[in-house]
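Ligands are counted one by one from 1 in listed order, and the atoms in each one are counted from 1 as well. What's counted below: heavy atoms across the whole structure, side chains too, no hydrogens, waters or symmetry copies.
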Amino acid sequence: MKARKIEDGIFWMGAIDWETRLFDSLIPLPDGTSYNAYLIQGSEKTMLIDTVEPTMIDELMSQLEGVETIDYIVSLHAEQDHSGGIPQVLLRYPDAKVIVSPKAKGMLLDLMTIPENAFMVVNDGDIVSLGDKTVEFIHMPWVHWPETMVAYLKENKMLFSCDLFGSHLATTDLYASDEGRVYEACKRYYAEIMMPFRTIVKKNLEKLKPYSINTIAPSHGPIHSNPAAIVAAHDQWVNSPSKNLVVLPYISMHSSTQKMVHHLIASLVEKGVRVEPFNMTVTDIGKLAIALVDAGTIVIGTPTVLAGPHPNIVYATCLANALRPKAKFASIIGSYGWGGKTVDILAGMIPNLKVELIEPYLAKGRPLASDFKALDGMAETIALKHKENGFI
Ligand code: FEO
């Protein structure tokens with residue numbers, strides 16, 4: 001795809017990745033993604049903001065044909081999907097300075113081959129003039145790596161927000177015109193990438209408040225020409241209380257756990273609690289991550305395998321712990337044949353979750369009436385906790 005004009009002297013460049021279905025060998029990409037770079041041509045200097053995933057560098061190099069000079073290559077974030085093309089761009093524009101935060105310089109030197117004298121380090125709030133355009137660099141450490149920053153083009157009120165406000169979405173739309181689709185993709189992106197840094201994102205949303213922003217140009221997904229909507233969505237994901245929602249990742253081997261899961265769902269619904277169950281044999285973990293953004297309670301359902309939880313449930317639990325959702329309560333249900341340490345193992349795997357553990361319940365063998373009664377008791381407790389905490 002050719003470069004696309006955003007405003008006078010400002011162009012989208014980069015690559016639409018229609019093919020990749022797994023990012024970082026971990027995150028499902030049901031809709032592909034894009035690696036966005038931006039070219040800003042001022043009256044005196046030209047700046048390229050970020051590059052692309054190295055496997056797609058040919059696309060960027062082709063878009064840059066005809067651009068005689070690049071004075072600055074900005075690396076907002078050292079992760080290779082944005083920085084990985086810098087060495088090749090530098091080969092064509094050897095006099096360009098690579099603008100980085102102090103931390104990014106060391107990280108890029110570790111990650112790729114860039115001459116040390118090519119770097120130009122900027123501090124928080126530093127401004128670089130391109131003549132009739134000026135760019136301010138705003139440091140945002142841990143959104144989501146320690147070296148991250150964003151760039152604000154003052155004259156156009158345009159924020160180049162790096163991964164923040166991004167979405168893994170391959171589309172021919174330059175702008176987020178299909179708002180529902182982009183909202184879902186942004187929420188998935190927030191859940192998978194930003195949620196573990198929720199309190200830091202919260203601080204940085206505050207940091208952006210003094211800036212008048214007409215356009216947000218992220219490093220993945222479409223550009224936001226209605227920045228208020230996407231900022232408000234992030235504000236809600238970060239700041240709003242948990243919802244009246246139980247997220248229930250589960251696995252069943254011989255249907256005992258499945259019967260318990262089905263019973264608990266029905267019992268919770270009777271008591272006015274919403275439930276989103278996820279069968280972990282087929283779940284897209286991105287959908288589970290999205291649900292975790294709002295969950296008030298997480299209940300894990302597992303059979304006992306070799307004295308512990310099912311390995312797929314270990315994976316889901318590890319993921320939930322890493323994503324640090326704001327859920328307030330957790331519990332465990334399932335079944336066992338003759339013994340095991342399922343509850344102890346799972347309870348020990350969630351130190352990052354600031355949750356109160358509601359008494360877990362495992363049935364011995366197939367669940368009987370007494371087991372279903374115990375699940376009704378658990379549902380009652382969850383409904384009560386949700387009411388007490390204002391989720392209902
Ligand atoms: Fe899109 Fe954190 O890199």
- Query: Using a distance threshold of 2.8 Å, what protein N/O/S atoms lie below it relative to atom 1 (Fe) of ligand 1?
  - Reply: Asp81 OD2, His82 NE2, Asp163 OD1, His220 NE2
- Taking only residues at least two apart or on different chains, which pairs with a member in residues 44-87 satisfy ring-ring contact (aromatic ring centres under 6.0 Å, His included)? His77-His82, His77-His144, His77-Trp145, His82-His220
- Which N, O or S atom name in His144 marks its closest approach to atom 2 (Fe) of ligand 1? NE2
- Message: Do Asp17 and Thr33 pair up side chain to side chain, a donor and an acceptor below 3.5 Å, judged on atom types alone?
- Response: no
- Message: Over 60° means perpendicular and under 30° means parallel, so tell me whether Tyr190 and His234 are parallel, tilted or perpendicular.
- Response: perpendicular
- Item | Intermediate values then yes/no, salt bridge (charged side-chain N to carboxylate O under 4.0 Å, His left out), Lys207 and Asp124 | CA-CA 12 Å; Lys207 190 172 182 177; Asp124 190 23; 3.0 Å; yes
- Message: My understanding is that only residues two or more places apart in sequence, or in another chain, count here; which of them pass side-chain contact (heavy atoms from CB on, under 4.5 Å) with Ala191?
- Response: Met195, Ala289, Val293
- Message: Checking Glu44 now: which residues fulfil salt bridge (charged side-chain N to carboxylate O under 4.0 Å, His left out) with it, not counting sequence neighbours?
- Response: none
